[in-house]
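Before any comments, here is the structure.
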Amino acid sequence: MYRISWIITKWCCKWEEFVDFSEELQFTIYQILWDIMTFLIALFCVYSIYRNIQGGIMFSVFFLPLRRVAGGAHAQSHGKCVILTVTMFITYAYYYYRDMSKLIAIIAIIAWIIIWLKAPVQTNNHILTIQQEQENRKNTQKILLLYMALVISYFPINTRMVNAVLLVIIMIAVLILVESYIFEMPNCKTKVGYYLRPYIVQAILGICISNCHNAVWMASYRWGYQMDIPDELRHKYDNI
C-alpha cells in the first residue's frame, strides 16, 4: 500500500503545484487506501455471514465520530488492524440484529461513564497538545450527549437504532480501557482541463491539508491501526 501511495504521489507531483505538498499527498493517499480496503473487507465479511450490510454501515456511522475524538487502543500492524476491525464489525452486526438486552444496556451505561471520564486516550505514537486534548474531550462529551439523546428518542421506536448506538459506546470504552492499561493531471492541455486545473489542484490540496490537520488534532484517525505521523507534518499542523 505504501508503494501504491508513493506511485500515485509521484504521478501527482508531475504537476509543480503539488511538489511542495508531497508529504501531505502521500500521507493522505496512504490513509485513504488502507481505510477503504479495511472497510470493504469488513463489509464483505459481514455480508458473507448475515447477507446484509446494514449492520456494518450503522457501525461505521456511529463508531467513527466518537473513535476519532475519544481515541483508544490500536493494533500494532495493518494486518492486525484488518483482523481487529473485521472482528468488531462482525461482533457489532451479531448484536445489532438482535433484540436489545438489559445486560447490554447496563454495560453501555458503564461504558458511557468510562468514555466521559477518561477520553481522549492517546496512543504512544500520537501525542496531543494540551489544547488538542481539551478540544477532543469537549467533542467526545458532545457526541456522548448526542448519542444519549438518540437512545432516549428511539428507545420505544427502533430497537436496532438503540442497539447501534449502545454497541459503539461499549466498543469504544473497551478500546479506551485496553490502551489505558478522471483528469490526466500531468498533461491537462485541453481548454477545459486548463480552465479546471486550478480548481482540481485546490480541491486535492484542500483534502490533503484537511486530512493532515485532522490527523494531528484527533486522538485517533484510523479504524484499528495508527501509523506514526511524520515529525515534519506534526510540526507543520500542530498549531493551525
Side-chain angles (χ1 to χ4, degrees), residues 1-43 57 60-61 63-71 74 77-78 81-82 85 120 122-123 125-136 138-140 142-143 182-240:
M1 204 65 73
Y2 183 86
R3 179 68 178 174
I4 296 174
S5 68
W6 181 83
I7 291 172
I8 296 174
T9 302
K10 187 177 179 181
W11 178 69
C12 289
C13 285
K14 290 181 180 179
W15 267 19
E16 57 193 28
E17 291 93 337
F18 291 121
V19 173
D20 292 336
F21 296 91
S22 59
E23 275 193 298
E24 286 91 337
L25 272 169
Q26 182 163 3
F27 185 78
T28 300
I29 293 167
Y30 188 70
Q31 281 193 74
I32 291 173
L33 289 174
W34 268 110
D35 282 340
I36 292 174
M37 189 195 75
T38 305
F39 179 63
L40 292 178
I41 291 174
L43 279 187
I57 299 296
S60 304
V61 168
F63 179 83
L64 289 176
L66 186 57
R67 168 68 157 167
R68 286 167 63 80
V69 294
H74 283 276
S77 68
H78 283 299
C81 163
V82 174
T85 306
Q122 308 161 47
T123 56
N125 60 344
H126 190 173
I127 305 300
L128 303 174
T129 65
I130 294 175
Q131 181 185 1
Q132 291 165 351
E133 185 176 352
Q134 291 173 344
E135 189 67 26
N136 276 276
K138 290 179 183 177
N139 289 333
T140 297
K142 289 176 183 178
I143 293 174
I182 304 177
F183 292 94
E184 188 179 349
M185 294 191 293
N187 301 300
C188 219
K189 296 178 180 178
T190 64
K191 289 184 179 180
V192 175
Y194 182 80
Y195 174 77
L196 291 177
R197 173 169 170 163
Y199 300 100
I200 299 170
V201 171
Q202 290 172 18
I204 294 175
L205 291 181
I207 292 171
C208 293
I209 292 171
S210 175
N211 178 83
C212 293
H213 176 248
N214 286 333
V216 170
W217 269 76
M218 298 299 172
S220 184
Y221 60 90
R222 299 197 63 78
W223 289 103
Y225 173 78
Q226 185 145 306
M227 65 183 184
D228 290 326
I229 300 175
D231 290 339
E232 294 79 4
L233 289 183
R234 173 167 294 286
H235 297 327
K236 188 183 295 186
Y237 294 97
D238 254 335
N239 301 312
I240 290 181

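- Within 6.0 Å of the CD1 atom in Ile130, the count of heavy atoms belonging to other residues, nucleotides or ligands does not exceed 12.
- To the nearest 0.5 Å, atom CE of residue Met37 and atom CD1 of residue Ile4 are 9.5 Å apart.
- Residue pairs that meet the salt bridge (charged side-chain N to carboxylate O under 4.0 Å, His left out) test with at least one member in residues 32-42, sequence neighbours left out, are Asp35-Arg222.
- Scanning all heavy atoms of the two residues, the minimum distance from Val69 to Ala219 falls at O-CB, 3.7 Å.
- Expressed to the nearest 0.5 Å, how far CD1 of Ile29 lies from CD1 of Ile7 amounts to 11.0 Å.
- Listed by chain and residue number, Arg137 satisfy the salt bridge (Lys or Arg N to Asp or Glu O under 4.0 Å) test with Glu133 (two or more places apart in sequence, or in another chain).
- For the pair Leu25 and Ile204, the tightest heavy-atom approach, listed with the atom from each and the gap, is CD2-CG2, 3.9 Å.
- Note that CD1 of Ile41 and OG1 of Thr85 are 9.5 Å apart. Values are rounded to the nearest 0.5 Å.
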Pair Leu43-Ile57, side chain to side chain contact (heavy atoms under 4.5 Å, CB included): steps then yes or no: CA-CA 8 Å; Leu43 279 187; Ile57 299 296; 4.1 Å; yes

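- The closest side-chain heavy-atom distance from Phe27 to Glu23 is not below 4.5 Å.
- Using the six-membered ring where Trp is involved, His78 and Trp34 have ring planes that are parallel, under 30° apart on the 30 and 60° scheme.
- Summarising the geometry of Pro65 relative to Ser60, their closest heavy-atom pair is CD-O, 4.1 Å, with the distance given to 0.1 Å.
- You'll find the side chain of Cys81 stays beyond 4.5 Å of the side chain of His74, heavy atoms only.
- Residue Ile207 holds its CD1 atom at 8.5 Å from OG1 of Thr28, rounded to the nearest 0.5 Å.
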Determine, stepwise, if the pair Trp217 / Thr129 fulfils side chain to side chain contact (heavy atoms under 4.5 Å, CB included). CA-CA 8 Å; Trp217 269 76; Thr129 65; 5.7 Å; no

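- Looking only at side-chain heavy atoms (C-beta outward), Arg67 and Ser220 come within less than 4.5 Å of each other.
- Listed here is the closest heavy atom pair of Met218 and Asn136: CA-OD1, 3.7 Å.
- Judged purely by atom type and a 3.5 angstrom limit, Gln122 uses its side chain to pair as donor or acceptor with the backbone of Leu128.
- Checking side-chain atoms of Arg234 against main-chain N and O of Ile127 turns up a donor-acceptor pair under 3.5 Å.
- Once rounded to the nearest 0.5 Å, the distance linking CD1 of Ile36 with CD of Gln31 reads 11.5 Å.
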